[in-house]
Amino acid sequence: MPELPEVETVRRGLAPTLVGARFARVETRRGGLRAPFPPRFAERLTGRRIEALTRRAKYLLAALDGGETLVLHLGMSGSFRIEGAGAASAPPTHFPRGKSPAHDHVVFVLDNGARVVYNDPRRFGAMDLVPTEGIDRRPPFDALGVEPLSDDFDAKRLATLSAGSRAPIKAALLDQKRIAGLGNIYACEALWRARLSPLRPAAILADAKGRPTAAARALAPAIRAVLEQAVEAGGSTLRDHRQPDGELGYFQHSFAVYDREGAACPRRGCGGIIARVAQGGRSSFYCPACQK
DNA sequence: CCGACCGCCTGCCTGC
DNA sequence: TGCAGGCAGGCGGTCG
């Protein structure tokens with residue numbers, strides 16, 4: 001599920017339960033996810049206090065006392081749910097599609113009585129434990145681009161990191177080394193808002209001197225707006241665990257173009273039909289009538 | 001250096 | 001109804 005807004009929603013949902021608490025016990029139910037868990041993972045977490053929970057791109061960072069940070073990534077299908085103290089209700093008896101207890105891979109038992117359970121059917125997620133000191137200078141964080149919701153991101157920055165690129169603009173938006181946190185959905189949605197075709201070369205965002213073009217001045221605010229609105233809505237597909245069933249789960253949202261192939265373009269007076277094209281093995285959705 | 005492609009996993013939907 | 005095939009919100013490695 002998780003692009004930047006979903007990860008931010010998860011962060012906000014988990015923070016009240018996690019921050020200030022200690023890990024009383026950590027259960028790993030397999031040796032790892034996409035990669036093996038680090039050595040002595042559970043033992044190194046046990047007894048540690050979570051001092052802060054932050055987000056960088058699509059990563060969650062739980063800074064612990066003792067100098068290490070728990071790095072979490074949800075991959076394609078990861079989610080957390082909170083059970084016990086701090087949860088809105090009893091453990092769920094109903095799991096959304098695919099989210100069976102068989103895919104509960106890690107359980108964090110906290111000293112405040114809560115259990116934070118990580119579920120991930122496809123196991124594309126990741127967990128690591130790394131020194132907090134200098135974390136930004138080590139992989140994968142050293143390679144991440146600008147945070148699109150930060151003050152550092154604007155049309156000028158977008159132009160700078162696109163100048164001279166021969167990649168399609170859609171591919172450039174998905175490149176985490178340029179902009180960190182955009183995924184397929186919000187890249188499609190931002191391009192629609194900016195009326196730009198995903199097929200155009202990224203280089204059109206900068207002029208010959210690397211200055212932002214009108215396209216960049218449309219796209220940068222569109223990226224920011226779609227992400228801000230999605231965060232505001234609690235993520236497009238995840239609802240936070242303040243929901244009555246106590247679960248971080250699905251909240252279907254309506255998109256302008258994403259997954260709407262064949263539907264009418266929602267832009268007033270456009271009348272176009274949403275198309276789908278494959279780019280780099282990913283689907284891009286756009287309106288050929290109004291996105292040029 | 002860049003960009004295209006593949007593999008990692010499982011579940012769900014489609015079409016035959 | 002059954003089943004093969006395609007597809008999915010991410011990432012990192014390889015190859016040209």
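We name chains A, B, ... by the order of the sequence lines, and we start the count at 1 in each one.
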Charged N-O contact under 4.0 Å between A/Glu68 and A/Arg44: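 A salt bridge links A/Glu68 with A/Arg44.
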Pairing of A/Glu8 and A/Arg12 as salt bridge, 4.0 angstrom limit: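 Counted as a salt bridge, because a side-chain N and a carboxylate O are separated by less than 4.0 Å.
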Within residues 127-142 of chain A or reaching into it, pairs that qualify as salt bridge (Lys or Arg N to Asp or Glu O under 4.0 Å) - sequence neighbours excluded: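 Sorted pair list comes back empty.
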Distance between P atoms of B/dG11 and C/dT1 (Å, rounded):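 Here B/dG11 and C/dT1 have their P atoms 22 Å from each other.
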Interatomic distance at P, B/dC9 relative to C/dC3, whole Å: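 One P to the other, the span is 25 Å.
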Contact letters for nucleotides 11-16 of chain C, in which S counts primed atoms plus P, OP1 and OP2 and B counts the base, heavy atoms under 4.0 Å: BS----
5'-most by nearest nucleotide on DNA chain B - A/Phe124 or A/Asp175: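 Closest to the 5' end, via its nearest nucleotide, is A/Asp175.
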Parallel, tilted or perpendicular: rings of A/Tyr59 and A/Phe141 (30°, 60°):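 Aromatic pair A/Phe141/A/Tyr59 classed perpendicular.
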Roughly how many Å is it from [atom1] in [X] to [atom2] in [N], rounded to a whole number?
{"X": "A/Asp104", "N": "B/dT10", "atom1": "CG", "atom2": "P", "answer": "15 Å"}
{"X": "A/Tyr118", "N": "B/dC9", "atom1": "OH", "atom2": "P", "answer": "14 Å"}
{"X": "A/Leu144", "N": "C/dG10", "atom1": "CG", "atom2": "P", "answer": "14 Å"}
{"X": "A/Leu72", "N": "C/dG10", "atom1": "CG", "atom2": "C1'", "answer": "15 Å"}
{"X": "A/Arg166", "N": "B/dC1", "atom1": "CZ", "atom2": "P", "answer": "14 Å"}
{"X": "A/Leu74", "N": "C/dG10", "atom1": "CG", "atom2": "P", "answer": "11 Å"}
{"X": "A/Lys177", "N": "C/dG10", "atom1": "NZ", "atom2": "P", "answer": "14 Å"}
{"X": "A/Tyr258", "N": "C/dG10", "atom1": "OH", "atom2": "C1'", "answer": "12 Å"}

Test item: A/Glu3 side-chain N/O and A/Lys58 main-chain N/O as donor-acceptor pair under 3.5 Å: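 Answer holds: no.
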Do any side-chain nitrogens or oxygens of [X] fall under 4.0 Å of OP1 or OP2 in [N]?
{"X": "A/Arg178", "N": "B/dG3", "value": "yes"}
{"X": "A/Ser77", "N": "C/dG10", "value": "no"}
{"X": "A/Arg122", "N": "C/dA8", "value": "no"}
{"X": "A/His103", "N": "B/dG11", "value": "yes"}

A/Glu232 atom CD, over 12 foreign heavy atoms within 6.0 Å: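 No, CD of A/Glu232 has 12 or fewer neighbouring heavy atoms, counting only those of other groups under 6.0 Å.
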Heavy-atom neighbours of A/Arg166 CZ exceed 12 at 6.0 Å: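 No, not enclosed.
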Between N or O atoms, less than 3.5 Å apart, protein on one side and nucleotides 3-7 of chain C on the other: list the pairs.
none

Check: A/Tyr286 and A/Lys170 side chains under 4.5 Å, non-hydrogen atoms: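 Side chain of A/Lys170 against side chain of A/Tyr286, heavy atoms only: no contact under 4.5 Å found.
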Verdict with supporting geometry, A/Asp111 and A/Arg49, salt bridge (Lys or Arg N to Asp or Glu O under 4.0 Å): CA-CA 9 Å; A/Asp111 68 350; A/Arg49 180 179 180 275; over 6 Å; no
Non-neighbouring partners of A/Asp154 that pass salt bridge (charged side-chain N to carboxylate O under 4.0 Å, His left out), sequence neighbours left out: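 Once residues adjacent in sequence are excluded, A/Asp154 has no partner under the salt bridge (charged side-chain N to carboxylate O under 4.0 Å, His left out) criterion.
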For A/Arg123, salt bridge (charged side-chain N to carboxylate O under 4.0 Å, His left out) partners two or more places apart: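 Checked A/Arg123 against salt bridge (charged side-chain N to carboxylate O under 4.0 Å, His left out); zero matches.
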Trace of the side chain to side chain donor-acceptor pair (under 3.5 Å) decision for A/Thr213 with A/Asp207: CA-CA 6 Å; A/Thr213 59; A/Asp207 69 13; over 6 Å; no
Watson-Crick or G-U stems involving DNA chain C, each at least 3 pairs long, distances under 3.5 Å, ordered by first number: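 So far as stems of 3 or more pairs are concerned, DNA chain C shows B:2-8 with C:10-16, B:10-16 with C:2-8.
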